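For reference, the structure discussed in these notes is given below.
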Amino acid sequence: MSTGIFGTLVTTPLYNGLVFLMQLFPWADLGIAVIFFTILIRCVLFPLAQKSLRTQMVAQKVQPEIDALRAQYKNDSQQQAMKIMEVYRREKINPFASIFFLGIQIPIIFGLYFMFLKSGLPVVNPDFLYSFVSGPTHASTLFLGIVDVTIKSIPIAILAGVTQFIQALLMKSVQPQAGAKGTFGADFMKGMHFQMKYIFPLIIVFISASLPASIALYWTTSNIFSIGQEYVIRKRLEEKK
């Protein structure tokens, strides 16, 4: 597996986590262990996800005000930026919350990639295990007895893209005011929404199809979890109103 700080902080803990889950659930194959592990990771990241989604919802609410400020101070970029930041501070909006939440998952994806590439699975290597982890000596890599998660799988890659598209479809886009059409901010938001809705799922399919199926399975499970999580968080935030 990968060595150095990344291996110590990411790859090795992921490896031990999967082996530990197979120790707890001896009937589970490696694919099911990946699903359980993904759910566990998303539960840990739930506070960040809640903050990210809250930022999106509040940003949608104040977008007309932001568009009005852009139109009002279109000839004074410094004043425009100050006024927009005042709105962000008033509404407690962190514009980087969504980026941070997405970025924190990237090391996990790389960690899973290195783990399945270099750990020697389906044989469990005791040299990589912590002292308190004693999993099986051999792990079944056939997910539900059908798909080998250590190699590429086009169907699971497509499933990852489809669930990503559904997740983007459920996200409410920010619609600029009529007076803001044609502005850089309005065009940027429209372009970003189009890319997240149509282009990003295709990118996910392309990347997942070139990696072990375990990565696509992780992304698919994470997307499904996000869809349910978004429903719960939106309901909670709307009840608080």
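As the structure is a computational prediction, the values presented were derived from the model and not from experiment. Computed from heavy atoms alone, side chains included, the values below leave out hydrogens, waters and symmetry copies.
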Does [X] have more than 12 heavy atoms from other residues, nucleotides or ligands lying within 6.0 Å of its [atom1]?
X: F206; atom1: CZ; value: no
X: Y231; atom1: OH; value: no
X: F36; atom1: CZ; value: yes

Mind checking whether [X] and [Y] have side chains closer than 4.5 Å, heavy atoms only?
X: T163; Y: W219; value: no
X: F114; Y: V10; value: no
X: M115; Y: L18; value: yes

Over all atoms of both residues, closest heavy-atom pair of [X] and [Y]:
X: V133; Y: V19; result: CG1-CG1, 3.9 Å
X: V147; Y: A213; result: CG1-CB, 4.3 Å
X: F6; Y: G111; result: CZ-N, 3.7 Å

Checklist outcome for this item: Paired with F143, the side-chain contact (heavy atoms from CB on, under 4.5 Å) test is passed by just one of I35, L30, V34, namely I35
Following the transitive rule for hydrophobic clusters with a side-chain heavy-atom cut-off under 4.5 Å over Ile, Leu, Val, Met, Phe, Trp and Tyr, establish whether [X] and [Y] coincide in one cluster.
X: L45; Y: I109; value: yes
X: L9; Y: F110; value: yes
X: L24; Y: W27; value: yes

Next on the checklist: Testing the 3.5 Å rule here: is there a donor-acceptor pair between the side chains of R42 and S226?
Outcome noted: yes
Side-chain donor/acceptor of [X] to backbone N/O of [Y], under 3.5 Å:
X: Y15; Y: N125; value: yes
X: N223; Y: A160; value: yes
X: S208; Y: V205; value: no
X: Q80; Y: R70; value: yes
X: S214; Y: T150; value: no
X: D29; Y: L144; value: yes

Checklist entry - With the threshold set at 4.0 Å, does a side-chain nitrogen-carboxylate oxygen contact exist between R90 and E65? => result yes
Next on the checklist: Would I154 and K152 count as a side-chain contact (heavy atoms from CB on, under 4.5 Å) here? Give the steps.
Outcome noted: CA-CA 7 Å; I154 300 299; K152 304 171 186 177; 5.8 Å; no
